[in-house]
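Throughout, protein chains are lettered first and strands after them, A, B, ... in sequence-line order, and every chain is numbered starting at 1. Values reported hereafter were calculated over all heavy atoms of this structure, with side chains retained and with hydrogens, waters and symmetry mates removed.
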2 protein chains.
Amino acid sequence: MELHQEAAERLASSGRRYTRTRRRLVDILAKAGMPLSLPAIVRGRKNLPQSSAYRNLAELETAGLIRRVASEDGFARYELAEELTGHHHHLMCSRCGQVQDLHIPAPLERRLDRTLDVLAREAAFATVRHRLDLIGLCRACGST
Amino acid sequence: MELHQEAAERLASSGRRYTRTRRRLVDILAKAGMPLSLPAIVRGRKNLPQSSAYRNLAELETAGLIRRVASEDGFARYELAEELTGHHHHLMCSRCGQVQDLHIPAPLERRLDRTLDVLAREAAFATVRHRLDLIGLCRACGST
DNA sequence: ATGAGAATGGGAATGATTCTCAATGCGTCG
DNA sequence: CGACGCATTGAGAATCATTCCCATTCTCAT
């Protein structure tokens with residue numbers, strides 16, 4: 001996987017190492033394809049102590065490899081940085097907290113980007129990115 | 001203000017009261033016009049104990065009058081519910097955490113809504129709303 | 001008034017996350 | 001190969017926003 005190359009290099013460039021645990025975390029997040037909470041990351045996995053998981057997620061975040069997203073339920077979520085996965089959005093269930101990745105049509109995305117750029121410029125904001133999430137009830141929660 | 005009418009009624013309908021502290025919180029948020037953290041709400045104000053502020057904000061939230069937004073810096077932010085203020089977005093500085101309200105052009109908003117509705121339906125999500133935030137560097141932070 | 005239930009506020013408790021630190025691993029250079 | 005330097009590990013302690021507790025106070029309906 002080219003992903004690990006990238007990761008190793010980025011860490012090395014600041015004197016850090018791409019250890020087994022770090023690779024493992026990257027794998028977990030890559031495989032999941034959705035933002036995971038720490039409990040979800042750790043649950044059912046051996047030799048992945050909480051403190052190490054937290055520390056390494058933070059490490060990977062400052063290396064720009066993963067992104068931490070605050071969430072309403074008290075548990076932050078972690079996902080691969082968009083630089084690695086491509087830009088995307090989220091569809092989240094406000095009842096059960098489930099999150100899934102979502103891509104929106106490129107034309108809309110482009111228009112969004114253009115418009116937001118203008119608005120940001122007007123407000124004197126620099127280097128803007130956006131975050132767009134859908135919040136609703138998933139099939140399971142919606143049918144109750 | 002019609003706002004307080006609405007608030008009083010909603011609380012009353014579930015056997016709660018629109019007390020002085022609650023009205024005060026609503027006023028603070030209405031006047032601010034941007035999401036405030038609890039420290040920001042309480043700072044410099046007398047007779048507004050932390051525990052009461054937290055409790056009442058939670059109360060107002062379950063009454064649907066205010067919205068609580070998780071944020072990266074550890075402090076949740078509170079703002080009036082969109083039902084009271086109208087739909088809007090945020091422009092937030094990733095360095096200093098400052099947040100300001102932002103309105104986007106109605107046509108874009110409509111197109112966004114239509115598209116997202118379709119996507120939500122495809123994913124079997126119900127009663128969807130969206131959240132769109134701009135994240136960048138404010139003038140002060142950007143010029144360093 | 002008066003009683004029932006809502007609200008208050010000070011402090012204790014909770015719980016996710018971060019910090020600490022002794023022990024260990026890894027790489028490099030002689 | 002050996003050994004030093006430095007990053008990493010992991011178990012538990014510490015932090016800190018937020019929630020909970022509860023005795024007291026307030027409000028409203030009768």
Side-chain angles (χ1 to χ4, degrees), chain A residues 4 7-29 35-63 65-79 97 99, chain B residues 4 7-29 35-63 65-79 97 99:
Chain A
H4 293 301
E9 279 166 23
R10 290 227 208 170
L11 285 168
S13 79
S14 55
R16 276 167 262 180
R17 299 178 192 150
Y18 196 39
T19 60
R20 189 155 45 262
T21 305
R22 290 175 191 172
R23 180 192 312 266
R24 211 173 150 201
L25 288 170
V26 168
D27 271 334
I28 292 170
L29 294 180
L36 297 182
S37 67
L38 189 110
I41 290 173
V42 156
R43 187 184 324 128
R45 269 179 253 265
K46 290 180 184 166
N47 303 112
L48 189 45
Q50 219 189 39
S51 67
S52 296
Y54 270 122
R55 177 161 30 72
N56 284 313
L57 288 168
E59 211 71 64
L60 291 169
E61 192 194 13
T62 68
L65 292 165
I66 71 179
R67 178 158 73 122
R68 190 198 126 111
V69 198
S71 125
E72 300 301 332
D73 69 359
F75 290 94
R77 303 289 151 100
Y78 301 88
E79 65 180 344
V99 186
Chain B
H4 294 301
E9 279 166 23
R10 290 228 207 167
L11 285 169
S13 79
S14 56
R16 275 167 262 179
R17 299 177 191 153
Y18 195 39
T19 61
R20 190 155 46 262
T21 305
R22 290 176 190 171
R23 180 193 311 265
R24 211 173 151 200
L25 288 169
V26 168
D27 270 336
I28 292 170
L29 295 180
L36 297 182
S37 67
L38 189 109
I41 289 173
V42 156
R43 186 184 324 128
R45 269 179 253 264
K46 291 180 182 165
N47 302 113
L48 189 44
Q50 222 189 36
S51 66
S52 297
Y54 271 122
R55 177 165 27 75
N56 285 313
L57 288 168
E59 212 70 65
L60 291 169
E61 191 192 13
T62 67
L65 292 165
I66 70 179
R67 178 158 72 122
R68 189 198 127 113
V69 198
S71 126
E72 300 300 332
D73 69 359
F75 290 94
R77 302 290 151 100
Y78 301 86
E79 64 180 345
V99 186

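- The overall bend of the helix from C/dA1-D/dT30 to C/dG30-D/dC1, read as the angle between its terminal helix axes built from five base pairs each, is 20° when rounded to 10 degrees.
- Put simply, CG on B/Leu60 is 16 Å from P on C/dA6, counting in whole angstrom units.
- For B/Ser71, the side-chain hydrogen bond (donor to acceptor under 3.5 Å, both in side chains) criterion is met by B/Asp73, not counting sequence neighbours.
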* Structure fact -> Protein-proximity profile, nucleotides 16-28 of chain D, B/S/- by nucleotide at the 4.0 Å heavy-atom cutoff, equals -SBBB------B-
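- With sequence neighbours left out, A/Val42 forms a side chain to side chain contact (heavy atoms under 4.5 Å, CB included) with A/Leu38, A/Leu48, A/Ala53.
- In this view, B/Asp27 and B/His4 satisfy the side-chain hydrogen bond (donor to acceptor under 3.5 Å, both in side chains) rule, not counting sequence neighbours.
- Considering only heavy atoms from C-beta on, A/Leu11 comes within 4.5 Å of A/Leu65 through its side chain.
- Two residues are said to be in side-chain contact when any heavy atoms from C-beta on lie closer than 4.5 Å; B/Arg68 and B/Leu57 fail this criterion.
- Atom pair A/Leu48:CG and D/dT9:P shows a separation of 10 Å (rounding to whole Å applied).
- What separates CG of A/Leu36 from P of C/dA16 is a distance of 17 Å, to the nearest Å.
- Contacts classified as salt bridge (Lys or Arg N to Asp or Glu O under 4.0 Å) and involving residues 39-48 of chain A (residues at least two apart or in different chains) are not found.
- Listed by chain and residue number, nothing satisfies the side-chain hydrogen bond (donor to acceptor under 3.5 Å, both in side chains) test with A/Ser37 (two or more places apart in sequence, or in another chain).
- Side-chain N/O atoms of B/Thr19 include none lying less than 4.0 angstrom from OP1 or OP2 on C/dA6.
- Protein atom CD of B/Glu72 is 11 Å distant from nucleotide atom P of C/dT18, rounded to whole Å.
- Under the side chain to side chain contact (heavy atoms under 4.5 Å, CB included) criterion, B/Ala70 pairs with A/Ala70, A/Glu72, not counting sequence neighbours.
- For the pair B/Leu57 CG and C/dG9 P, the computed distance is 13 Å after rounding to whole Å.
- Sequence neighbours left out, the pairs with a member in residues 9-20 of chain A that pass salt bridge (Lys or Arg N to Asp or Glu O under 4.0 Å) are A/Glu6-A/Arg10, A/Arg10-A/Glu83, A/Arg16-A/Glu59.
- Note on A/Asn56: every side-chain N or O is 4.0 Å or more away from OP1 and OP2 of D/dT8.
- At the phosphate of D/dG10, OP1 or OP2 sits under 4.0 Å from a side-chain N or O atom of A/Ser52.
- Between B/Arg16 atom CZ and C/dA7 atom P there is a gap of 7 Å when expressed in whole angstrom units.
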